[in-house]
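Written below as structure tokens is the structure these notes are about.
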Amino acid sequence: DDQGRSRVGMLYVHPNYFGSGIGQRLLAENIRWHHGGKDVYLNVVAYNQRAIDFYLKAGFIFTGKESSIPVLEGQNVTMPLREMVRRADI
């Protein structure tokens with residue numbers, strides 16, 4: 001990212017494949033690719049409890065940083081995000 005940190009971009013799994021383990025494999029490969037002894041960061045949609053639980057189970061914790069991104073261009077509609085990190089030492 002712009003601060004020199006390793007960051008997971010977007011990771012989505014089609015609902016037909018929820019519970020199949022593909023999300024865990026994709027995340028594990030992403031972490032392996034990024035890791036290099038660094039903490040790995042990501043943003044999760046604040047109201048997506050399924051994703052939050054998934055990342056917590058994978059060892060991520062909340063950093064306390066919250067933000068939002070615009071959803072509809074030219075309108076005042078945003079998506080709330082919460083930052084999470086997986087420390088390099090786990």
Side-chain angles (χ1 to χ4, degrees):
D1 72 1
D2 59 350
Q3 297 173 0
R5 303 182 302 183
S6 293
R7 182 171 291 278
V8 174
M10 293 183 201
L11 178 68
Y12 291 97
V13 173
H14 191 279
N16 289 352
Y17 297 96
F18 286 175
S20 71
I22 195 166
Q24 291 171 330
R25 292 192 304 271
L26 286 169
L27 182 61
E29 182 63 20
N30 195 295
I31 290 169
R32 187 191 65 73
W33 186 79
H34 278 292
H35 212 286
K38 290 181 165 181
D39 296 345
V40 177
Y41 291 81
L42 59 83
N43 284 315
V44 63
V45 177
Y47 52 80
N48 187 344
Q49 193 60 51
R50 183 180 190 100
I52 290 168
D53 292 344
F54 172 79
Y55 292 123
L56 289 170
K57 184 177 177 183
F60 284 82
I61 57 172
F62 289 106
T63 66
K65 183 178 177 183
E66 297 182 1
S67 61
S68 62
I69 57 172
V71 176
L72 298 173
E73 195 171 313
Q75 298 187 23
N76 193 21
V77 179
T78 60
M79 184 181 313
L81 303 173
R82 296 179 71 189
E83 186 180 68
M84 300 182 84
V85 62
R86 186 176 190 271
R87 298 286 179 207
D89 57 359
I90 64 166

Backbone N or O of A58 within a donor-acceptor pair of the R86 side chain at under 3.5 Å?
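It does hold such a pair.
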After noting the C-alpha distance and the side-chain angles of N30 and L11, does the key distance pass the side chain to side chain contact (heavy atoms under 4.5 Å, CB included) rule?
CA-CA 9 Å; N30 195 295; L11 178 68; 5.7 Å; no
Rounded to the nearest 0.5 Å, what separation is found between the [atom1] atom of [X] and the [atom2] atom of [Y]?
X	Y	atom1	atom2	answer
L26	I31	CG	CD1	11.0 Å
E83	F62	CD	CZ	11.0 Å
M84	L42	CE	CG	6.5 Å

Considering all heavy atoms, the nearest [X]-[Y] contact:
X	Y	value
G23	V13	CA-CG2, 3.8 Å
R50	G19	NH2-N, 4.3 Å
S6	K38	OG-CD, 3.4 Å
V44	A51	CG2-CB, 3.7 Å

Do you reckon [X] sits in the same ILVMFWY cluster as [Y], going by side-chain contacts under 4.5 Å, direct or chained?
X	Y	answer
V45	F60	no
I52	V40	yes
Y47	V71	yes
F18	L56	yes
F54	Y17	yes

Are more than 12 heavy atoms from other residues, nucleotides or ligands located less than 6.0 Å from atom CG of N16?
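It does: N16 CG has more than 12 such atoms within range.
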With side chains defined as the heavy atoms from C-beta onward, is the minimum distance between N43 and K65 less than 4.5 Å?
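The answer is no; the side chains never approach within 4.5 Å.
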